[in-house]
Every structure is written in C-alpha cells, then in structure tokens.
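Bear in mind the structure is a predicted one, so any value in this text is a computation, not a measurement. Any value given below was found using the heavy atoms of this structure, including those in side chains, with hydrogens, waters and symmetry copies removed.
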Amino acid sequence: MTFFWGFGLYPVSTFAQNNTSQPKPKYSYPQEIVKAYLNGCSQRSVQEGLTQQQAKIVCQCTINRFQSRYRLDQFLKLYTQAQKTKEPPDEFVDVGIDCATQLLK
C-alpha cells in the first residue's frame, strides 16, 4: 500500500510503527514553513490511511531530513518543481525512502 505525505506528492510505502532518533537539522527553516509542512503532511497522511501517530512520526522524520539535507531555498525550489510537474523530485523520494527505511527498524 502506498501512502502520500507532505503536500500530497511524496510516496512512502510503510506504516510507521516506531519513533526513531532524528538527526539534528543542519538548516533551520522558519517555524511557519515547518508548521505548514507538518499540518499538510499530517492531513494528507491520515487521508491516505495512516493513524495520527503514524502521520506524526512520518512527517517529523521527513521535515527533519529536508532540513538536514537542503537549505530553505533548495527545499522551496524542489517543492515548487513538484507543484508544477505534479511529480515528486528524486530528492524528495530519496527522503521518503530514507524515512520509511528508518521507521521500519
């Protein structure tokens, strides 16, 4: 079963069962960006079948990974690209796979 998280564009094939240690983000995004991401991610994840707790775990993992890998301008560029093409960029898919792998441990 495939679930979509974030802004409804990024597949994660997992039911999140365990909270894993999250890396400390290298880049800090403005709180309103993080909050908007987490809200959209959680809503979409629940619509796709995750529980509230599972959605919280997946969404927190992905935003932490984004902040660890991408400066805000890079993240926004990738997000804008995804909105235009309606397809997740490989960089976002990589983050989703990374989180799914970590959550299955």
Side-chain angles (χ1 to χ4, degrees):
M1 184 176 266
T2 299
F3 294 99
F4 294 87
W5 47 268
F7 295 101
L9 297 172
Y10 321 109
V12 174
S13 298
T14 184
F15 279 106
Q17 297 297 330
N18 301 311
N19 197 355
T20 61
S21 62
Q22 300 294 322
K24 182 174 177 155
K26 182 177 180 180
Y27 305 105
S28 181
Y29 297 171
Q31 191 58 36
E32 60 272 10
I33 298 278
V34 173
K35 185 177 179 180
Y37 174 83
L38 292 174
N39 285 339
C41 176
S42 292
Q43 287 177 355
R44 186 60 155 171
S45 295
V46 168
Q47 289 173 355
E48 295 293 335
L50 294 180
T51 67
Q52 289 287 339
Q53 182 62 26
Q54 291 167 334
K56 180 179 177 182
I57 292 167
V58 168
C59 296
Q60 191 63 57
C61 176
T62 56
I63 193 64
N64 284 352
R65 295 288 193 278
F66 292 143
Q67 290 183 100
S68 293
R69 296 179 184 185
Y70 306 108
R71 293 183 321 263
L72 178 60
D73 63 315
Q74 294 170 315
F75 172 76
L76 293 175
K77 182 178 178 180
L78 290 168
Y79 175 72
T80 300
Q81 172 190 342
Q83 291 289 56
K84 287 179 183 175
T85 64
K86 302 297 184 201
E87 293 290 328
D90 290 342
E91 295 89 347
F92 280 15
V93 173
D94 291 345
V95 168
I97 291 169
D98 186 40
C99 282
T101 301
Q102 293 299 315
L103 293 171
L104 291 173
K105 290 182 180 179

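In terms of heavy-atom proximity, Pro25 sits nearest to Ser68 at CA-OG, 3.4 Å. Contact between Ala82 and Pro89 at its shortest, heavy atoms only, is CB-CD, 3.7 Å. The heavy-atom pair separating Arg69 from Val95 by the smallest distance is NH1-CG2, 3.6 Å.
Lys56 NZ to Leu38 CG: the interatomic distance, rounded to the nearest 0.5 Å, is 10.0 Å. The distance from atom CD of Gln81 to atom CD of Glu87, rounded to the nearest 0.5 Å, is 10.5 Å. Rounding to the nearest 0.5 Å places CD1 of Ile63 at 8.5 Å from CD1 of Ile33. Atom OG of Ser42 sits about 11.0 Å away from atom CD of Gln47, to the nearest 0.5 Å.
Partners of Asp73 under the salt bridge (Lys or Arg N to Asp or Glu O under 4.0 Å) rule, at least two apart in sequence or in another chain, are Arg71. With sequence neighbours left out, the ring pair (Phe, Tyr, Trp, His ring centres under 6.0 Å) criterion links Tyr70 to no other residue.
Not a single donor-acceptor pair under 3.5 Å links the side chain of Gln67 to the backbone N or O of Lys26. A donor-acceptor contact shorter than 3.5 Å links the side chain of Thr62 to the backbone of Cys59.
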Chi angles and distances behind the side chain to side chain contact (heavy atoms under 4.5 Å, CB included) call for Tyr27, Leu72 | CA-CA 7 Å; Tyr27 305 105; Leu72 178 60; over 6 Å; no
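Surrounding CD of Gln52 are at most 12 heavy atoms belonging to other residues, nucleotides or ligands under 6.0 Å away.
A donor-acceptor contact closer than 3.5 angstrom links the side chains of Gln60 and Asn64.
In this structure, Tyr37 and Phe66 have perpendicular ring planes: the angle between them is above 60°, well past the 30° mark.
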